[in-house]
Amino acid sequence: MIIFEDFEKIDLRLAKIISAERVDGSEKLLKIQAEIGEEKRQIIAGIGKFYAPEDLIDKTIVVVANLEPRMMMGLESQAMLLAVKDGENLSIITPEKQMLSGLKLS
């Protein structure tokens with residue numbers, strides 16, 4: 001269990017995917033460029049077995065925007081997208097309605 005103040009530290013934002021491509025040498029990693037409001041970020045995500053890069057363009061997703069950057073296969077990931085996995089299925093978390101990128105989740 002965490003206390004509410006710890007949860008408040010997590011900055012969940014909406015992001016719009018503007019480009020995506022496979023990471024050379026990896027079956028599951030995708031390199032995603034996303035807009036979080038006016039800011040552009042690179043996200044490296046292990047969703048390549050579930051999503052084709054071209055199917056992600058223009059999707060609005062939920063990201064953890066204040067996670068410390070992490071290197072993956074020599075590429076910097078500057079946020080983490082949220083997804084849910086159930087056995088062999090994976091689904092990226094997206095808003096039910098069209099919303100602007102950069103909005104903070106509450």
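Hydrophobic clustering of Ile, Leu, Val, Met, Phe, Trp and Tyr side chains at less than 4.5 Å, counting indirect connections, keeps Met72 apart from Ile43.
The side-chain hydrogen bond (donor to acceptor under 3.5 Å, both in side chains) analysis of residues 46-57, with sequence neighbours excluded, yields no pairs.
Put simply, the side chain of Gln78 gets close to the backbone of Gln42: a donor and an acceptor are under 3.5 Å apart. The backbone N or O of Asp11 sits less than 3.5 Å from a side-chain atom of Asn66, completing a donor-acceptor pair.
If you chain together ILVMFWY residues whose side-chain heavy atoms come under 4.5 Å of each other, Ile2 ends up grouped with Phe4, Phe7, Ile10, Leu12, Leu14, Val62, Val64, Leu67, Met80, Leu82, Val84, Ile93, Met99, Leu100, Leu103, Leu105.
The structure places OG of Ser77 at 10.0 Å from CZ of Arg41, a figure rounded to the nearest 0.5 Å. Distance check, rounded to the nearest 0.5 Å: CG of Leu75 to CD1 of Ile44 gives 4.5 Å. Atoms CG and NZ, on Leu90 and Lys85 in that order, are 7.0 Å from each other to the nearest 0.5 Å. To the nearest 0.5 Å, the span separating CG on Leu81 from NZ on Lys59 amounts to 12.0 Å.
Taking the side chain as every heavy atom from C-beta outward, Thr94 and Thr60 never approach each other to under 4.5 Å.
By the salt bridge (charged side-chain N to carboxylate O under 4.0 Å, His left out) test, Lys40 is found to be paired with Glu35, residues two or more places apart in sequence or in another chain being considered. Residues meeting the salt bridge (charged side-chain N to carboxylate O under 4.0 Å, His left out) test with Lys97, sequence neighbours left out: none. Under the salt bridge (charged side-chain N to carboxylate O under 4.0 Å, His left out) criterion, Asp58 pairs with Lys16, sequence neighbours left out.
By the neighbour-count criterion of 12 heavy atoms within 6.0 Å, atom CD of Glu5 is densely surrounded, having more than that number from other residues, nucleotides or ligands.
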Show me, pair by pair, the donor-acceptor contacts under 3.5 angstrom made by side chains of residues 18-30, not counting sequence neighbours?
{"unit_1": "Arg22", "atom_1": "NH1", "unit_2": "Gly48", "atom_2": "O", "d": "3.1"}
{"unit_1": "Arg22", "atom_1": "NH2", "unit_2": "Gly48", "atom_2": "O", "d": "3.4"}
{"unit_1": "Ser26", "atom_1": "OG", "unit_2": "Lys28", "atom_2": "N", "d": "3.3"}
{"unit_1": "Ser26", "atom_1": "OG", "unit_2": "Leu29", "atom_2": "N", "d": "3.0"}

**OP:** Before giving the answer on salt bridge (Lys or Arg N to Asp or Glu O under 4.0 Å), spell out for Glu68 and Arg70 the whole-Å C-alpha distance, their side-chain angles and the decisive distance to 0.1 Å.
**Re:** CA-CA 6 Å; Glu68 185 173 307; Arg70 179 177 176 193; over 6 Å; no
